[in-house]
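Working notes, structure below.
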Amino acid sequence: MSSSIPSTQHAVVVKEVGGPEVLEYHTDVAIPALKEGQVLVKNTVSGVNFVDTYYRSGFYKSEKPEILGREGAGVIVALGPKTAPYNFAVGDRVLWLGISGYAQYSTPDAAKVMKLPSGVSEEDAGACALPGLTALTIVEESYKVQAGEWVLVHAAAGGVGVLLTQILKRLGAKIIATAGGPEKVALVKSLGADHVIDYRSPKGQDWVAQVKSITGGHGVDVVYDSVAKDTWEGSLESVRRKGTIVWFGNASGPVPPLTLHRIAIKCVKIVRPTLFGYIETREELEYYTAKLFDLLTAKDKLKLFIHKVYPLEDVGQAHIDLTSRKTTGKLLLKP
Ligand SMILES: NC(=O)c1ccc[n+]([C@@H]2O[C@H](COP(=O)([O-])OP(=O)(O)OC[C@H]3O[C@@H](n4cnc5c(N)ncnc54)[C@H](OP(=O)(O)O)[C@@H]3O)[C@@H](O)[C@H]2O)c1
């Protein structure tokens, strides 16, 4: 490794599962030696995603101690052995997906690193990489949305939600969105959603009835549900006969136990995607990243919303803000 690269770094380590207090900020964490196929990236920004809270709390299992964080954007500062096929050079500006993003340096597999086009800043890439790719994969592979179809999107003001709503609008979908609170509702309306329901307000408690009424009693063609526990039953009621529920997250807790008979009544399809499952091959990653970069460099660019850029040592606060539903758009760390 080059002599300009330090041997230690600032990073956030989780030694045991728990609340935000288990996110320990350290200033002397060793920078890992590069293994075959890896590159060393100095992170300009690292993303905070809801999934990080699942790994922190133990809802999703992972080995501890662990540095959380599944994406970042920055500059390549060293190449490991056998990265030649990807044609990277020191100095390349990149986004990456992988593990251990809550740190100044990360060592992603080169196969999961993409060079940024000149018109895309590292902050912009950080603001939309994981959520944007999630949105692009689930509108194409989990359910292929067609123009004119009714779509219900929950938590539409969140990190994934603001991008998913804009992408669905571009596909010509008719969007019914839910969001908690008047500010979030106004934001989602500004993105072009046709109907936005504040499902936390007294008037929004009957959001299922509102969805039925808006769709003339039929229900929606597809529900994108990442809230799960609190919305699941309503999503099942809101979807039309032969419709699809794309369950892609658990912000309020896991989906309650489901008897298969429940989905038989309306011949409903349930899809449970993960982004990493959809971009496993290099070809898949390149396909969806090219789409994302097109959206970021188009004349009518995708609008990016960064809730806040937190100093790395404030990551605990970022987790508190995210899980207490205070945020809109994306949370970033400045390592
Ligand atoms: N399957 C995949 O590969 C994949 C990839 C990326 C993200 N996801 C999932 O997509 C969802 C969104 O992720 P994100 O990082 O963009 O987060 P986010 O949407 O910015 O934050 C979660 C949002 O969920 C809503 N929510 C409803 N009930 C909640 C509760 N009890 N506690 C906390 N939030 C609640 C809140 O919006 P309101 O205030 O408007 O209700 C909150 O802002 C998560 O479920 C995540 O796991 C899945």
Side-chain angles (χ1 to χ4, degrees), residues 19-20 46-57 59-60 68-71 97 101 126-143 152-167 176-189 191 193 196-201 204-205 207 223-232 234-235 245-255 270-280 284-285 288 292 304-308 318-333:
S46 305
V48 177
N49 293 290
F50 215 91
V51 70
D52 304 340
T53 70
Y54 305 147
Y55 285 112
R56 188 210 69 222
S57 69
F59 176 51
Y60 284 3
L68 298 175
R70 277 174 161 61
E71 62 170 342
L97 297 159
C128 69
L130 191 146
L133 292 170
T134 301
L136 286 167
T137 53
I138 63 179
V139 301
E140 184 155 333
E141 304 219 25
S142 304
Y143 179 84
L152 173 61
V153 180
H154 291 305
V160 175
V162 290
L163 301 172
L164 181 57
T165 303
Q166 293 179 74
I167 289 168
I176 306 172
T178 61
E183 283 169 17
K184 290 188 181 188
V185 166
L187 172 67
V188 178
K189 272 191 186 148
L191 301 176
V196 189
I197 304 169
D198 179 353
Y199 57 180
R200 294 187 82 182
S201 73
Q205 296 304 304
W207 58 267
V223 185
Y224 285 102
D225 191 341
S226 63
V227 173
K229 184 169 142 294
D230 292 350
T231 45
W232 184 251
S235 293
I245 299 178
V246 180
W247 159 44
F248 70 101
N250 302 284
S252 66
V255 167
I270 296 175
V271 186
R272 196 349 178 162
T274 63
L275 170 62
F276 286 86
Y278 281 147
I279 54 162
E280 204 170 295
E284 288 165 337
L285 176 65
Y288 285 109
L292 186 64
L304 300 178
F305 296 89
I306 298 175
H307 174 73
K308 189 170 164 184
H319 275 222
I320 291 167
D321 294 346
L322 184 58
T323 53
S324 55
R325 307 173 76 163
K326 281 187 190 149
T327 65
T328 50
K330 180 82 192 192
L331 287 70
L332 289 175
L333 298 174

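Just so we're clear, the structure is a prediction, and the values are computed from it rather than from any experiment. Counting convention: from 1, in listed order, for ligands and their atoms alike.
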Quick one: does NZ or CZ of R70 land under 6.0 Å from the six-membered ring centre of Y55, within 45 degrees of the ring axis?
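Yes, a cation-pi geometry.
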For [atom], what is the nearest protein heavy atom, given as residue, atom name and distance?
atom: atom 13 (O) of ligand 1; answer: F50 CB, 3.7 Å
atom: atom 16 (O) of ligand 1; answer: V160 N, 2.8 Å
atom: atom 18 (P) of ligand 1; answer: G159 N, 3.6 Å
atom: atom 19 (O) of ligand 1; answer: G158 CA, 3.3 Å
atom: atom 28 (N) of ligand 1; answer: R325 CZ, 3.2 Å
atom: atom 41 (O) of ligand 1; answer: Y199 OH, 2.5 Å
atom: atom 40 (O) of ligand 1; answer: G180 N, 2.8 Å

Compute the shortest N/O to N/O distance between [X] and ligand 1 and return yes if it is under 3.5 Å, no if not.
X: T178; result: no
X: L275; result: yes
X: F248; result: yes
X: D230; result: no
X: A251; result: yes
X: S226; result: yes
X: S252; result: no
X: L130; result: no
X: K184; result: yes
X: A155; result: no

Which atoms of ligand 1 are found less than 4.0 Å from any heavy atom of V227?
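In order of numbering, the contacting atoms are 27 (C), 28 (N).
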Report, in ascending order of atom number, the atoms of ligand 1 lying under 4.0 Å from any heavy atom of G249.
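With G249 as reference, the close atoms of ligand 1 come out as 9 (C), 45 (O), 47 (O).
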For ligand 1, which part of T134 has a heavy atom less than 4.0 Å away: the side chain, the backbone, both, or neither?
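Only the side chain of T134 comes within reach of ligand 1.
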List the atom of [X], the atom of [Y], and the distance in Å for their closest heavy-atom pair.
X: V48; Y: A318; value: CG2-CB, 4.5 Å
X: V255; Y: A228; value: CG2-CB, 3.9 Å
X: Y199; Y: Q205; value: O-NE2, 3.4 Å
X: V227; Y: A155; value: CG2-CB, 3.9 Å
X: D198; Y: G181; value: OD1-N, 2.9 Å
X: G204; Y: I197; value: CA-CG2, 3.9 Å

Among F248, Y224, W207, W232, the one residue meeting ring-ring contact (aromatic ring centres under 6.0 Å, His included) with H154:
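With H154 as partner, F248, Y224, W207, W232 yield a single ring-ring contact (aromatic ring centres under 6.0 Å, His included), made by W207.
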Check whether any heavy atom of [X] sits under 4.0 Å from an atom of ligand 1.
X: R272; answer: yes
X: P273; answer: yes
X: F276; answer: no
X: A179; answer: yes
X: Y54; answer: yes

In this structure, are over 12 heavy atoms from other groups packed under 6.0 Å from E280 atom CD?
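Check fails, neighbour count at 12 or below.
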Nearest-0.5 Å distance that lies between atom CG in D225 and atom CG in L152
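Rounded to the nearest 0.5 Å, the CG-CG separation comes out at 8.0 Å.
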Let's go through V153 and V188 carefully: what are the C-alpha distance in whole Å and the side-chain angles of both, what is the deciding distance for side chain to side chain contact (heavy atoms under 4.5 Å, CB included) to 0.1 Å, and is it a yes or a no?
CA-CA 10 Å; V153 180; V188 178; over 6 Å; no
Begin from the C-alpha positions of T328 and F305 and carry the test side chain to side chain contact (heavy atoms under 4.5 Å, CB included) through to its verdict.
CA-CA 7 Å; T328 50; F305 296 89; 5.8 Å; no
Taking T165 for the side chain and V162 for the main chain, is one N or O donor matched with an acceptor at less than 3.5 Å?
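No, the answer is negative, given that no donor and acceptor are paired below the 3.5 Å cut-off.
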S46 side-chain N/O to G101 backbone N/O, donor-acceptor pair under 3.5 Å:
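A pair under 3.5 Å: yes.
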